[in-house]
Amino acid sequence: MDRRRGYWVFLLPSALLFTAVIAVPFLMNVGIGFTRWQGIGDPRWIGLDNYARLFADERFWASFRHNVALIVAMAIVPTAIGLVLAAALFDHVGRRFGPRTAGALRAAYYLPQVLPVAVAGIVWGWIMHPRYGALNELLGLVGMEPRNWLGDPAWALPSVMLIMVWFQIGYPVVVFMAGLQRVDPALYEAAEMDGASWWRRFRHVTIPQIRPEIFVVLLTCTIAALKVFGPIFVLTRGGPGGATLVPSYFSYQNFFEKANVGYGSAIATVLTLLIIMVTAFFLRIQDRES
């Protein structure tokens, strides 16, 4: 019993930091969500009016539909591609060309995660520029018409999704390659002796053995997609015409551009609660699997 009490001493600093940095600001944000406030003066209590307005706001629902698309681009697609790449690097490149080559390629895939979001966004803005962008230059070489990738409502969201796949893909590769290190090599040897192809080894050995890592990647990438802000801010500012608007940027617009702090707080509160529910859902599924 005394030993258990001693653990609280080590947990206390992080608990205090969590309370000061996360819990208190969140509770203050929840409270402001029940007010009408422009950021100066005294907030005026309006009860649930912000939430009634929020759930009737088509821009709010459109922002969540865009968020679903970004979950596909930032969680589902990178996880699927990352699984294949990690298995290929570990099972094929590492064996044939050595661990250094596999490590170099892994670092190359992870490089976008290291780049500042602003730098990556500016570079992609140049690549997709409608007049002098490299992408349109390449399309011109094959006789295709140039497009306004980030300025056309029909192409803006798919373009952002493509960029986010590029940005996210290195994270699953690194996590899955780390998970493959703990898989018993005898399982692969037995599968090879039985004549299993690479795809069968990937499907029946690799995926079941690194299932915990798959849950972690899907959870963290889904949360990252739900609260994505930096790439949207740098690339499109939620435009054109709201085509790439997401809840986090919608909240920012109301906080700082429209000085509608109470409404922005309501959006942020709903987004936070959604992230908590998604996290609880993933953890419950993981508990059932284990």
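Nothing fancy with the numbering, it's 1 onward along the sequence.
A ring pair (Phe, Tyr, Trp, His ring centres under 6.0 Å) check over residues 203-248, counting only residues at least two apart or in different chains, returns the pairs Phe229-Phe233, Phe229-Tyr249, Phe229-Tyr252, Phe233-Tyr252.
The number of heavy-atom neighbours closer than 6.0 Å to CG of Asp42, taken from other residues, nucleotides and ligands shown, is 12 or below. Heavy atoms from other residues, nucleotides or ligands lying under 6.0 Å from CD1 of Ile40 number 12 at most. For Arg182, the CZ atom is densely surrounded, since the number of other residues' heavy atoms within 6.0 Å is greater than 12. Annotation for Arg200: atom CZ does not count as buried by contact number, only 12 or fewer foreign heavy atoms lying within 6.0 Å. Annotation for Gln113: atom CD counts as buried by contact number, over 12 foreign heavy atoms lying within 6.0 Å. Shown here is Glu145, whose CD atom has no more than 12 heavy atoms of other residues, nucleotides or ligands within 6.0 Å. The environment of Trp45 atom CH2 is dense: over 12 non-hydrogen atoms of other residues, nucleotides or ligands sit within 6.0 angstrom.
At least one side-chain heavy atom of Val160 sits less than 4.5 Å from a side-chain heavy atom of Leu150. Contact check for His66 versus Thr244: no side-chain heavy atoms found under the 4.5 Å cut-off. No side-chain heavy atom of Val183 sits less than 4.5 Å from a side-chain heavy atom of Thr206. For the pair Val173/Tyr110, no side-chain contact is recorded, criterion being any heavy-atom separation below 4.5 Å from C-beta on. Met128 has its side chain within reach of Leu162: a pair of non-hydrogen atoms, C-beta onward, lies under 4.5 Å apart. At a threshold of 4.5 Å between non-hydrogen side-chain atoms, the residues Met164 and Phe167 count as touching. Between Met74 and Met161, the closest side-chain pair of non-hydrogen atoms is not below 4.5 Å. Side-chain contact between Phe64 and Val68 is absent, with no heavy atoms from C-beta onward closer than 4.5 Å.
Between Arg201 and Asp91 there is a salt bridge, since at least one side-chain N of the basic residue sits less than 4.0 Å from a carboxylate O of the acidic one. Between Arg53 and Asp49 there is no salt bridge, since none of the side-chain N atoms of the basic residue sits less than 4.0 Å from a carboxylate O of the acidic one. With salt bridges taken as basic N to acidic carboxylate O contacts below 4.0 Å, none links Arg237 and Glu257.
A donor-acceptor pair under 3.5 Å is absent between the side-chain atoms of Asp194 and the main chain of Ala196, judged by distance alone.
Taking the six-membered ring where tryptophan is involved, the planes of Phe34 and Tyr51 are tilted, since the angle between them lies from 30° to 60°. Ring geometry for Phe202 against Trp198 counts as parallel: the plane angle stays under 30°, on a 0 to 90° scale with 60° as the upper cut. Aromatic ring pairs are classed by plane angle as parallel below 30°, tilted from 30° to 60° and perpendicular above 60°; the pair Trp61 and Phe55 is tilted. Between Tyr263 and Phe250, the ring-plane angle classifies as perpendicular under the 30° and 60° cut-offs.
The side-chain contact (heavy atoms from CB on, under 4.5 Å) search around Met277 returns Leu274, not counting sequence neighbours. Shown here are the side chain to side chain donor-acceptor pair (under 3.5 Å) partners of Asn136, two or more places apart in sequence or in another chain: Trp149.
Taken together through direct or relayed side-chain contacts under 4.5 Å among Ile, Leu, Val, Met, Phe, Trp and Tyr, Leu17 and Ile22 form part of one hydrophobic cluster.
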